Amino acid sequence: MVASRAIGSLSRATASRMRRCPGYICRNFSGSSALRTRTHINYGVKGDVAVVRINSPNSKVNTLNKELQSEFMEVMNEIWASDQVRSAVLISSKPGCFIAGADINMLASCKTSEEVTQISREGQRTFEKLEKSPKPIVAAISGACLGGGLELAISCQYRIATKDRKTVLGAPEVLLGILPGAGGTQRLPKMVGVPAAFDMMLTGRNIRADRAKKMGLVDQLVDPLGPGLKPAEERTIEYLEEVAVTFAKGLSDKKISIKRDRGLVDKLMSYAMSIPFVRQQIYKKVEEKVRKQTKGLYPAPLKIIDAVKTGIEQGNEAGYLSESQKFGELAMTRESKALMGLYHGQVLCKKNKFGTPQKEAKHLAILGAGLMGAGIAQVSVDKGLRTILKDATLAGLGRGQQQVFKGLNDKVKKKALTSFERDSIFSNLTGQLDYQGFEKADMVIEAVFEDLSLKHRVLKEVEAVIPDHCVFASNTSALPINEIAAVSKRPEKVIGMHYFSPVDKMQLLEIITTDKTSKDTTASAVAVGLKQGKVIIVVKDGPGFYTTRCLAPMMSEVLRILQEGVEPKKLDSLTTSFGFPVGAATLVDEVGVDVAKHVSEDLGKAFGERFGGGSVELLKQMVSRGFLGRKSGKGFYIYQEGVKNKNVNSDMDGILASLKVPPKSEVSSDEDIQYRLVTRFVNEAVMCLQEGILATPTEGDIGAVFGLGFPPCLGGPFRFVDLYGAQKVVDRLRRYEAAYGKQFTPCQLLIDHANSPNKKFYQ
Amino acid sequence: MTSMLTYTFKNLPNTSKWALQFFVRPLSCSSQLRAAPATQTKSKKTLAKPNIRNVVVVDGVRIPFLLSGTSGLLTRTNVPKDVVDYIIFGTVIQEVKTSNVAREAALGAGFSDKTPAHTVTMACISANQAMTTGIGLIASGQCDVVVAGGVELMSDVPIRHSRKMRKMMLELNKAKTLGQRLSLISKFRLNFLSPELPAVAEFSTSETMGHSADRLAAAFAVSRLDQDEYALRSHSLAKKAQDEGLLSDVVPFKVPGRETVTKDNGIRPSSLEQMAKLKPAFIKPYGTVTAANSSFLTDGASAMLIMAEEKALALGYKPKAYLRDFVYVSQDPKDQLLLGPTYATPKVLEKAGLTMNDIDAFEFHEAFSGQILANFKAMDSDWFAQNYMGRKTKVGSPPLEKFNNWGGSLSLGHPFGATGCRLVMAAANRLRKEGGQYGLVAACAAGGQGHAMIVEAYPK
């Protein structure tokens, strides 16, 4: 899940205006002019300062691909050779993106780790030339400066960044299962100190410009400008360039020094780092922490630590060598393939393939101010959608409004918003108990209790007051949309929008279309979801849609495993060590035992024996005892305010004992328990593709990872089958089938893949 | 603060003796007026409107705008001023003890205690708001004579205790037993004592105005040199006006314990070389707004006597000017904080049925050189008019030879609450002196607001 958070920023870059700034001389150096027609780079001279503008054609972002790199080196060589030029400025012409990173397709096309290592060596050499440039180079950064972009920037002599929300610096390579392979592991620790460098490279987190300034990652900040005689973004870039040029001049005239004044803390820190013992302790500490968090599932963080260590302890030469070799090794791992696949998937799921809706939804109405309703309201008002939040009771409404306020206020505490912005955003929300104002709504999202007759009632009530074009979306996790739509006068306007809790944290939105849902309705729902910042999969209607349907058989297996006498704590550790972010027993508590019971009964009825396994009786008894999970304070565990380490609920012993079934020893090893859970999940996912619930494997992987916490290191159920081997999955299923029967029968599509090894979900 | 106001009040012409003095001045310059070549054809002969009372300004005065740090004694007078129906004053930073400073000042100045007074606030255009509120009262027939003005005391702004300290002190008041008090006191921490200064920063964006001005200047590509040149112009013109005795709205003010101040003490014509040496004050180290090309905050007070025309004539006054159409505008407080004049100018012209060519005297509030020049560029840009103001074409920038000819806030200083009256008086006095008919007053204000008003010379 973490994997894709920072990568998301890559796609956040805004559309560019491809206007070239006129008004200064473009000098043609002697030489054949045919060679000078460059596609990625535009280069001119202002006085004695060379301005190198990066602008990859037909793309919203600049990526360091081979062409760009070679053009860049060509230009730099000219600059170094020119007598007129004494310094240089590097800047992007795209507002919102400096350089978003290296081109990962470049790595994907490599067959061996040696090839990848070679790419890394070339990058290292290029950036070393920049670092040793006799003419000072100023990187003028506006927008995303990530991965290879950051490595380029920190090779320059000086960095100036716009103090804009869009300007973020980061080393997100770890989220793709690789490491900063163009000198990043060597330069970053020297620039910001070892602890801060580890933090950046191991979490991949984005660093905003003002923070970067404090860390010493950038030297100057430039405030973004408002509109002047041309659009704000365009003028801001121009201004950044003007400021950068004055600094470049200052540097070459030696009026500005590159050395930074460092604070006392910095000085103490660097003194401490000069003591080998302290360094060893830091490495040890960081390694321990990484091992604990990754459970050994992700190789990249440890290699990053290693590369940094080698550089510091054995010098630059060894450091660069270690970095490039490890880069090559990592690029060939399954984990990095899985993570890169997720990255590509996420980019795809951030697009609206249904086109632009006829009418942009601006006014939203949400029914039900519960956890989900209020969460949806929060992510909507946040993006400037006028939102009505309606509930049946004043108490419920008040709670919901408070939840929205708290969510926004937490952002203020993290300094992501100012208190003024919070208030202004909050004013987009109208709380009410009646249907006033619904005549203006473009979309109504109901998030009332999961009860078909209740949903029917609100649908009829709402249809009486909304305008013709208004979309009715149902937020349900299991009720089939066509059953909800059955009472609608306009079923083409009815759609499912399945959000995940907590709405403001979970990135996934599952949109469910029935046979009658019109394309424009779908386009409108996707547009709203994208506006809310969601990653979207669109699936066909059916019991449990895609996500709930995949989860249900796995949950059924969880119950069986518990009934077979595996302790909840042990089960949790088995699942988390497989890569799930939340343990299986804890997950039941988090979802809510009553909800789990509801879903397993419903889906059990719809799918019959295949969804069997554990006994729903277990959940029934828990509900009757009031063990509803976290929300009631007790489930498999006991939850207390302020207590971090939760204890097992000992009252469960009796229930579990009464429903105990003997374990089957041939399929009860730790590994078998893990695979029983995962293969049931995977089998059901593949079946969803087979039945057409899913349109693409990509959506299946994104849905599983972002909505259900399927291990990101496996890349999702489909990627898992590709990387692990369909035959092996089928073999396992057959073995479990022999022990338990039909619940493990592999589906036809999976068998097809096993039978022809060339068949892959991702070609 | 009250003392300055009181003083300013005292100097308003409320007796016919004063009025006589004012009769003299127009006569003395009338010959010059007739000779003035400024009599071009106007779009409109006058801006008088049927069925609406003409509002005139009889006179206005101000005490010299002093650099902060030299102020405050109460000067009491006992002159009865019972013709005044209502008193309105503008102020920005309010003293808690005198939250309705207009009333306190009126009482202190010896106005009839039967004359009601209220205080208005609208940042830098507070005094304008006081005037236009007065215009409203007169035009609607509710009042005949209104005193409007503004006051600011920058050298003694109220500084609050920190929130924690305030909370503790309030709770201490409520505590009943010694035990409760002790337990409250035991919670005291040293950091409670750190005070909260009132900031010259926008509440909504937490950006200081100078910072915003620097960004605005950059957005419109106004260079440092342009800004310094404009500031120098303002100081030179102000010096010239002062030397020639044109700043006739100034009345001397005795500062307790010091010399009597008779003129604005912030006028300092310097050289471009000197100005170029200054470091940027807000965006360091590469910004363009410096101390030399910004207006400075001062103490100051100003007041105007405005009346219905017929009332003024009945009382034997010779009015100085008509106060005509006015508008208030507001826009984005972040990126267009100081563009009020750009938005207000075309609107007020349209309202009055005039064009830029009809205006003989422009008096704009000069918050920053960069702000004035950015406004000029914005007013001269079709692109800006179309994309941000929803207008088809630009209004055009005012001709410099008619613009702030007697200096402006950059050189005279800027007491937040009092500048508005100075602008109107400067426009009125310039029209009399230079012989024009219409004056345009415009100002920007914190919060992204703006104001413009048309002043029409009173016929001879």
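It should be emphasised that the depicted structure is a prediction, and the values quoted were computed from it without experimental measurement. The chains referred to below are lettered A, B, ... by the order of the sequence lines, with proteins before strands, and numbering in each begins at 1.
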Enclosure of [X] [atom1] (heavy-atom neighbours >12, cutoff 6.0 Å):
{"X": "Lys163(A)", "atom1": "NZ", "answer": "no"}
{"X": "Lys383(A)", "atom1": "NZ", "answer": "yes"}
{"X": "Lys377(B)", "atom1": "NZ", "answer": "yes"}
{"X": "Arg211(A)", "atom1": "CZ", "answer": "no"}

Which pair of non-hydrogen atoms, one from [X] and one from [Y], has the smallest distance, and what is that distance?
{"X": "Ala218(B)", "Y": "Tyr239(A)", "result": "CB-CE1, 3.3 Å"}
{"X": "Asp223(A)", "Y": "His211(B)", "result": "OD2-CE1, 2.9 Å"}
{"X": "Tyr286(B)", "Y": "Val222(A)", "result": "OH-CA, 3.0 Å"}
{"X": "Phe220(B)", "Y": "Pro227(A)", "result": "CE1-O, 3.7 Å"}

_Interface moiety of Ala221(B) toward chain A, non-hydrogen atoms closer than 4.5 Å_ = both

*Answer with side chain, backbone, both or neither: which region of Lys394(B) has an atom nearer than 4.5 Å to a non-hydrogen atom of chain A?*
neither

*Side chain, backbone, both or neither: which part of Gln220(A) has a heavy atom under 4.5 Å from chain B?*
side chain

*Pick one of side chain, backbone, both or neither for Ile256(A), based on which atoms fall under 4.5 Å of a heavy atom in chain B.*
neither

*Answer yes or no: is there a side-chain heavy-atom contact under 4.5 Å between Pro333(B) and Phe420(A)?*
no

*When rounded to the nearest 0.5 angstrom, what is the spacing between CG in Leu229(A) and CG in Asn387(B)?*
11.0 Å

*Any donor and acceptor pair, going by atom type alone, linking the side chain of Arg215(B) with main-chain N or O of Pro224(A) inside 3.5 Å?*
yes

